[in-house]
Amino acid sequence: MPPPRRAARRRSATAAEPPRAVRGSRRLSVRHGEPFKREGRCGDGGDDDDGLPLSDEALLLVFSALSFTTADLVRCAATCRRWRRLVSADAAFICPLATPRSDPCIGSLALGFFHSHMTDGGVAQPRFVPLSAAASRIQPSFAALVDAGASRVVASRNGRLVLDLRRRANTRVTHAVRLGVCNRVTGGGGGVDVLPQLRGKDSPSGPYACTVITAADERGGDRRMMTRYSSYRVLLLYNRRGFTALRCYSSDAGSWGPEAEVTGARIGRTQLAVGPHAAVVHRGVVFWPRLAVALRLDSLLQPAPAVAVSAAKNNADTPPRYTVAGFSPAARQRHSSTTVSAAHRLLGVMPGGGLLRVEADSETIRAYWGGRKDGDADGDGDIVDGGCLLGEALKWRWTKMQALMMVHTVRLRWLCEKSGLVIFTARNNSDPYTHVYTLDVETEEFRRVATAAGGESSLGEMCGYEMDRVTLLALLGR
């Protein structure tokens, strides 16, 4: 029998193979070696894995290791339901590890601002003014703060508000301090953490400055300060006879720490009378620009001095006095004739970690950022000297002429760091009223958001409010 021809062999091999549609309908899983159906795609109610199954832990490590910007993480959340669940539920794990230096400002993080509203009884109450339609939806939760006893907002940082819960006409002169901390975006209508009340000798006898330190401030600082994202610390700065004092509340411990003496810096009583005082946290240092006082966060973790402990053993009635390392960056500013007054300057930290400075005079508004390593100082010496914190090494970016903006009598009020929005009050050439404006430092766009019919004095104290990146990503799961 003659051997078969080559063409015949090819035809017999082709007939033995299954149809192409049958071959493509099933494939092998890399992990288990078991076949699964192609129809199992996310969105169709089947398996979310497509091609190479990855565990949730592996995906979270990828999200956190690639230094995604906030916009990139939002795109990842829009890929499928599983990725959206991971990004929103574990945003507190992803953001501290995946914050790149090039992350831009996000205007939607800014929700609005608070200002003091005088009631018919002559009592000042905080009133919230939203900047967008989305912020208007949470406005009723801010109105509930007044019903809870909030008399004013004393600090606002990284999505958290610190409230003075005393219901008195004069909230500054008293011998009892009762504060509350809340996140109105994630906490809804409730969720106000009422801190232990400070009474008698433990309470400031006069005005004070306050700020809140969150897990987002761990960049460049001591990571022992925070054990989880929900942790925070409240710093209370005030004057005692002969020295400036500081108290620190820890949410992990649930109590106030001992009173500490601030060494190397002193603030005047008249400086504390006007608030709220915005604080800047940069490279392990918390700085109040208008008070010209800076504190090292790592010094808050230092134990009591050995001399104070031995003195306490000898005299049980004398408690040990703790100390906090402080310094005054204004010492360098006094020797410069070209600097602008702190009342006409706002400082902040951009999402990438660099400093941002906004100045205003009678004719212009100017913005500075970047420069020497994106605003970071070369070594701890420049931080202590104050040149970095004052923003002297930043690069000029733009100048806005007030005449071209058709405004005058500009007064800078608040800088929303994460969103890059400057809140200021000014008058225009068309009417005698005072208006509230916002200015985007990246796009240079400004718009009018509110009008004070009673003049600038009717606004009282103003305080901006914005979300952080973790809160924004957590909202994607709702």
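The minimum heavy-atom distance between Val87 and Leu73, with the atom names listed, is CG1-O, 3.9 Å. Nearest approach of Ser255 to Pro196, heavy atoms of both residues: CA-CG, 4.4 Å. Between Lys400 and Glu444, the closest heavy-atom pair is NZ-O, 3.4 Å.
Side-chain atoms of Glu442 never come within 3.5 Å of backbone atoms of Pro104 as a donor-acceptor pair (strictly under, hydrogens ignored). Thr364 contributes no side-chain N or O that, together with a main-chain N or O of Ala360, makes up a donor-acceptor pair within less than 3.5 Å. The backbone N or O of Asn239 sits nowhere less than 3.5 Å from a side-chain atom of Thr244 that would complete a donor-acceptor pair. Counting only distance, with no hydrogens or angles, the side chain of Trp369 and the backbone of Gly354 share no donor-acceptor pair below 3.5 Å.
Of the inter-residue distances, the one linking Leu415 atom CG with Leu421 atom CG reads 9.0 Å to the nearest 0.5 angstrom. Interatomic distance, OG1 of Thr451 versus CG of Leu459, reported as 9.5 Å (0.5 Å rounding).
Comment: Glu359 engages Arg357 in a salt bridge, judged by a side-chain N to carboxylate O separation of less than 4.0 angstrom. Under 4.0 Å is where a charged nitrogen must lie from a carboxylate oxygen, and between Arg447 and Asp440 no such pair does.
The aromatic rings of Tyr437 and Phe446 sit tilted, their planes meeting at an angle between 30° and 60°.
By the 6.0 Å and 45° rule, Arg345 does not stack over the aromatic ring of Phe287.
For the salt bridge (Lys or Arg N to Asp or Glu O under 4.0 Å) test, residues two or more places apart in sequence or in another chain that qualify with Arg247 are Asp202. The salt bridge (Lys or Arg N to Asp or Glu O under 4.0 Å) check on Arg160 picks up nothing, with sequence neighbours excluded.
Annotation: salt bridge (Lys or Arg N to Asp or Glu O under 4.0 Å) contacts involving residues 237-246, sequence neighbours excluded, comprise Arg240-Glu259.
If you check the side chains of Asn158 and Tyr232, you find no donor sitting under 3.5 Å from an acceptor.
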